[in-house]
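Presented below is the structure to which this report refers.
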Amino acid sequence: MTDNNIADNAFALAIHGGAGTILRSKMTREREAAYHAGLRRALEAGRVVLADGGSALDAVSAAVMALEDEPLFNAGRGAVYTSAGKQEMDAAVMDGRDRSAGAVAGICGPRNPVLAARAVMEHSSHVMLIGESALELCRKQGLPFEEKSYFYTEQRWNALQETLAMRSSGADDQDESRKHGTVGAVARDRHGNLAAATSTGGMTAKAPGRVGDSPVIGAGTWADNETCAISATGHGEIFIRYAAAHEIASRMRYAGQSLDEASRAVVIDMLAPVGGSGGIIAVDHAGNVSLPFNCSGMYRGIVRGDGRLLTAIYDEPLVDFQIPERLKK
C-alpha cells in the first residue's frame with residue numbers, strides 16, 4: 001500500500017506481527033479476531049505517541065512493546081523455543097535522524113527486548129550486545145524483568161514438540177508459522193523523522209545460539225531519514241545474506257526508485273527466488289508506506305493522523321477500524 005499525498009507535518013506508522021501466518025485452514029474466526037485486536041492495540045500505542053507530537057523512535061518502541069506483550073506474536077511473551085527448549089530473543093532499534101542503533105541477541109528475562117535494544121543504543125558505546133552482557137546492561141538501567149513462567153505459552157511449547165517430532169520423522173507440513181515470526185514497527189513523525197524497531201523469538205526449534213536478521217542492522221532493521229525505515233520478517237538467513245533492508249534503501253538512494261518499487265523488487269524479485277520467504281514494512285521520508293510479502297500472509301497494519309486503524313493478515317485488503325472521535329488528537 002502506498003500513498004503519495006502526505007502533508008509535511010503528517011505522521012505514519014506501520015507494524016507487523018510476522019510473516020508466515022497460521023494456515024487459513026487452521027485459522028478460526030475467534031483467533032483471527034484476536035490477531036486483529038492485537039495489531040490494533042499496537043497501532044493505537046504508537047498512534048498516541050505520534051499524535052501528541054512524539055518522536056518516531058518512541059512510537060515504534062511503544063508499538064513493539066505492545067506486540068511483545070501479546071502472546072499471539074513471536075516476540076517477548078509469545079517467543080518460540082529453541083531445539084533445547086529455551087527461549088532466546090533478539091531485537092533492534094534504529095533512529096533515522098543519525099543512524100543511531102542498538103541491538104540485543106540471545107536474551108531472555110527483560111519483559112520487553114525492544115527496550116533492551118534501546119538501552120544498548122542510548123547507554124552504551126556499542127550497537128549490539130548478546131547474552132549475559134546484554135542482560136547486565138538491562139539490570140543496570142532498571143529495565144523490568146520477568147520470570148521464565150511469564151514467557152511460557154502452551155501454543156509455543158506444543159509447536160516445539162510437534163516440530164521436533166516432524167523433524168525426527170522427516171515430515172514437513174509446510175506451515176510457515178513454524179519457520180519464522182517477528183514483530184516490528186516503522187514510523188515517520190510530525191517532524192519528518194523516521195525510526196524502526198524489530199523484535200523476535202526466532203524460529204521454532206532453532207539451534208541454540210542462532211541469530212536471525214532482526215537484530216542485524218541493514219538486514220532486518222534499518223532507518224535513515226533520507227530514504228526509509230524498514231522492519232523485516234521472514235527467513236532470516238536469506239535476509240542477512242542479501243542485506244535486505246539496506247538493499248531497499250540503496251535502490252531508493254542510488255537508483256531513484258520509489259519506496260514501493262524498491263520494496264517489491266527486493267521482496268518479490270530478489271528474495272523469493274532464493275528461498276527468502278517473508279515480507280517487510282517500510283515508510284519513507286514523505287510518509288509513504290509499503291507492505292509487500294511473498295508468502296501466505298503477514299500480520300500487518302497502518303495508522304495515520306486520521307486515526308484509521310487498518311489491519312490485515314492474508315492477501316485481503318486492509319480492514320478499516322475507525323477509532324472514536326473522542327480518542328483522536
Side-chain angles (χ1 to χ4, degrees), residues 1-6 10-21 32 35-36 38-40 42-43 46-47 50 56 59-60 63-64 67 73-75 176-177 180-188 194-200 213-214 219-223 227-235 239 244-245 247-249 251-252 257-272 276-304 306 308-321:
M1 177 177 181
T2 58
D3 189 335
N4 296 311
N5 298 303
I6 307 299
F11 65 78
L13 170 71
I15 65 170
H16 70 77
T21 55
E32 185 172 2
Y35 276 110
H36 281 286
L39 291 170
R40 288 165 179 165
L43 284 171
R47 186 200 70 83
L50 295 170
V60 296
V64 168
L67 292 166
F73 301 110
N74 177 17
E176 292 172 335
S177 65
H180 44 71
T182 314
V183 305
V186 295
R188 183 229 196 236
L194 305 181
T198 312
S199 181
T200 186
D213 65 305
S214 296
T221 305
W222 181 259
T227 53
C228 59
I230 294 169
S231 176
T233 169
H235 190 162
F239 279 64
E247 175 70 18
I248 293 170
R251 286 168 177 265
M252 295 177 66
Q257 292 183 350
S258 70
L259 178 71
D260 202 51
E261 288 173 335
S263 297
R264 292 187 176 280
V266 171
V267 173
I268 307 300
D269 301 330
M270 176 181 288
L271 298 178
S277 173
I280 63 101
I281 55 172
V283 62
D284 68 12
H285 59 281
N288 302 307
V289 173
S290 185
L291 314 169
F293 57 93
N294 60 33
C295 51
S296 60
M298 180 172 70
Y299 304 106
R300 61 200 187 278
I302 66 169
V303 65
R304 301 189 188 279
D306 60 5
R308 296 169 63 210
L309 305 181
L310 305 175
T311 57
I313 297 177
Y314 300 107
D315 57 359
E316 75 277 12
L318 291 162
V319 177
D320 188 351
F321 178 79

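Count residues from 1 along the sequence.
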- Item | side chain to side chain contact (heavy atoms under 4.5 Å, CB included) partners of Ala75, counting only residues at least two apart | Glu68, Val183, Ser199
- Do Arg308 and Ile302 come close enough that some side-chain heavy atom pair is under 4.5 Å? no
- What is the distance from atom OH of Tyr299 to atom CD1 of Ile313, rounded to the nearest 0.5 Å? 6.0 Å
- Nearest 0.5 Å please: distance from the CZ atom of Arg304 over to the CG atom of Leu43. 12.0 Å
- Item | Minimum heavy-atom distance between Leu318 and Ala312, given as atom pair plus value | CD2-CB, 3.5 Å
- Locate the shortest heavy-atom distance separating Val266 from Ala244; write the atom from each residue and the value. CG1-O, 4.0 Å
- Task: Go through the structure and list residues passing salt bridge (Lys or Arg N to Asp or Glu O under 4.0 Å) with Asp269, not counting sequence neighbours.
- Result: none
- Identified side-chain contact (heavy atoms from CB on, under 4.5 Å) partner of Arg188 from the options Asp284, Leu194, Leu50, Leu13: Leu194
- Task: Show your reasoning for whether side chain to side chain contact (heavy atoms under 4.5 Å, CB included) applies to Thr182 and Phe73.
- Result: CA-CA 7 Å; Thr182 314; Phe73 301 110; over 6 Å; no
- Look up atom CG in Leu309 and atom CG in Leu39, then write down how far apart they are to the nearest 0.5 Å. 10.5 Å
- Note on the structure: Taken in chain and number order and not counting sequence neighbours, the residues that satisfy side chain to side chain contact (heavy atoms under 4.5 Å, CB included) with Ala262 are Ile248, Arg251, Met252, Gln257
- What residues, two or more places apart in sequence or in another chain, satisfy side chain to side chain donor-acceptor pair (under 3.5 Å) together with Thr311? His36
- Item | Pairing residues for Val267 by the side chain to side chain contact (heavy atoms under 4.5 Å, CB included) criterion, not counting sequence neighbours | Ile280, Pro292, Asn294
- Heavy-atom donor-acceptor pair, Arg300 side chain to Tyr314 backbone, under 3.5 Å: yes
- So SG of Cys295 and CG of Leu271: to nearest 0.5 Å the spacing works out to 11.0 Å
- Task: Check whether the side chains of Ser231 and His16 place a donor and an acceptor atom closer than 3.5 Å, and report yes or no.
- Result: yes
- Message: To the nearest 0.5 Å, what is the distance between OG1 on Thr200 and CG on Leu67?
- Response: 12.0 Å
- Message: Ser214: which residues meet the side chain to side chain donor-acceptor pair (under 3.5 Å) condition with it, sequence neighbours left out?
- Response: none
- Query: How far does CD1 of Ile281 sit from OG1 of Thr233, to the nearest 0.5 angstrom?
  - Reply: 9.5 Å
- Query: Listed by chain and number, what are the side chain to side chain contact (heavy atoms under 4.5 Å, CB included) partners of Ala223, not counting sequence neighbours?
  - Reply: Met94, Ala196, Ala229
